[in-house]
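Sequence lines set the chain letters: A, B, ... in the order given, protein chains first and strands last, and positions in each chain run from 1. As the structure is a computational prediction, the values presented were derived from the model and not from experiment.
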There are 2 protein chains.
Amino acid sequence: MREEQANRCVAGATDQARACTVREALDRVGGKWSIGILIAASTGPVRFTELERRVEGISRRMLTLTLRNLERDGLLVRHVHPTVPPKVEYTATPMARELYESLVALTRWAERHREAISTARAAYDRQHGTPAG
Amino acid sequence: MREEQANRCVAGATDQARACTVREALDRVGGKWSIGILIAASTGPVRFTELERRVEGISRRMLTLTLRNLERDGLLVRHVHPTVPPKVEYTATPMARELYESLVALTRWAERHREAISTARAAYDRQHGTPAG
DNA sequence: CGGCATCCTCGACGATACTG
DNA sequence: CAGTATCGTCGAGGATGCCG
């Protein structure tokens, strides 16, 4: 989770301006857990503990941190029910759901080329030294 | 740059299977410099030094490392001209150009919501403790 | 020109324990 | 239940220098 981002992209059509804008988007979801949380929260309100169960492998700490960042970026809304025991629900904003839609294109790319990439890697590792020897 | 990826996504329509597939795609371009290099190399062959100039802020080391990874994934082709002084050219593969197309959706998302995110952050930082205070 | 080797920093992330 | 606090690890990435 990037602490702050001193990442003002200059507008324009140059290569690196484009690259910066792309990274600007990627930085919102670049963390290890952001996507998993976002997807889990995009179908409806989800409670903290429910997220902890559904996002497999996440620690309590990282869940909290990632939630805070997503909330800060306006991708999640946090709603506290003043009950006892406490009940907190997180919901993805429309902006976050749009983001996921945009990521679908990327997902399809990965599926289309999964095989090719795997082959390319094997070939590369054969030609150059393979990592394990 | 992820050293290896023990990241076999299980197929399926569960939240976390989807999340894994998305991350699979993100991992190809998640590095700090991948996008910049890919874009610069997608219009035609580019030489090492030219990349070093065009991808602003990159170090020689990271340029080399990122190039190797992109080549390994089959996103770049490396062509060595056996001349002296040496001349090496990198070209984005069709697969990489497709990837860029997929990233456009993400770019547009970033542009659409840049303002909203910035505002959300400011609001969040005001309400909770701002980083510098 | 186009690298690779070495050293270092620093932030993402994990483990564990405590709390209103 | 839903966190916070503290400590430790690990690897991405930066700085610098040498080489065919």
Expressed as a whole number of angstroms, how long is the span from [X]:[atom1] to [N]:[atom2]?
{"X": "B/Trp33", "N": "D/dG13", "atom1": "CH2", "atom2": "P", "result": "9 Å"}
{"X": "A/Arg47", "N": "D/dC1", "atom1": "CZ", "atom2": "P", "result": "7 Å"}
{"X": "B/His81", "N": "C/dG3", "atom1": "NE2", "atom2": "P", "result": "12 Å"}
{"X": "A/Ile58", "N": "C/dA15", "atom1": "CD1", "atom2": "P", "result": "12 Å"}
{"X": "B/Leu65", "N": "D/dG11", "atom1": "CG", "atom2": "P", "result": "15 Å"}
{"X": "B/Glu52", "N": "C/dC4", "atom1": "CD", "atom2": "P", "result": "13 Å"}
{"X": "A/Ile35", "N": "C/dA12", "atom1": "CD1", "atom2": "P", "result": "17 Å"}
{"X": "B/Lys32", "N": "C/dC10", "atom1": "NZ", "atom2": "P", "result": "13 Å"}

> Can you say whether the rings of B/Trp109 and B/His113 are parallel (under 30°), tilted (30 to 60°) or perpendicular (over 60°)?
Replying inline: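 Ring orientation of B/Trp109 relative to B/His113: tilted.
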> Given that A/Pro86 and A/Gly57 both sit by DNA chain C, which one's nearest nucleotide is further toward the 5' end?
Replying inline: A/Gly57
> Would you find more than 12 non-hydrogen atoms of other residues, nucleotides or ligands less than 6.0 Å from A/Glu56 atom CD?
Replying inline: no
> Should B/Arg61 be listed as having a side-chain N or O under 4.0 Å from OP1 or OP2 of C/dT6?
Replying inline: no
> Taking OP1 and OP2 of D/dG3, is either one under 4.0 Å from a side-chain nitrogen or oxygen of A/Tyr90?
Replying inline: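 A/Tyr90 to D/dG3 OP1/OP2: side-chain N or O found under 4.0 Å.
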> Toward the 5' end of DNA chain D, which comes first, B/Ser59 or A/Leu67, by nearest nucleotide?
Replying inline: A/Leu67
> Between the main-chain N or O of A/Glu115 and the side-chain N or O of A/Thr119, is there a donor-acceptor pair closer than 3.5 Å?
Replying inline: yes
>> Donor-acceptor pair, distance only, cut-off 3.5 Å: does the side chain of A/Arg54 make one with the backbone of A/Ala40?
In response: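 Looks like yes, one N/O pair under 3.5 Å.
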> With a non-hydrogen cut-off below 4.0 angstrom, is A/Arg60 in contact with a base, only sugar-phosphate, or nothing?
Replying inline: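 Here A/Arg60 touches the bases of the nucleic acid.
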>> Counting the atoms with a prime plus P, OP1 and OP2 as sugar-phosphate, which does A/Thr64 contact under 4.0 Å by heavy atoms, base, sugar-phosphate, or nothing?
In response: base
>> If you only use heavy atoms from C-beta on, which nucleotide in D/dA2, C/dG14, D/dG13 is closest to the side chain of B/Met62?
In response: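 Among D/dA2, C/dG14, D/dG13, the one nearest the side chain of B/Met62 is D/dG13.
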> Can you list the steps and then say if B/Val22 with A/Val104 is a side chain to side chain contact (heavy atoms under 4.5 Å, CB included)?
Replying inline: CA-CA 8 Å; B/Val22 175; A/Val104 169; over 6 Å; no
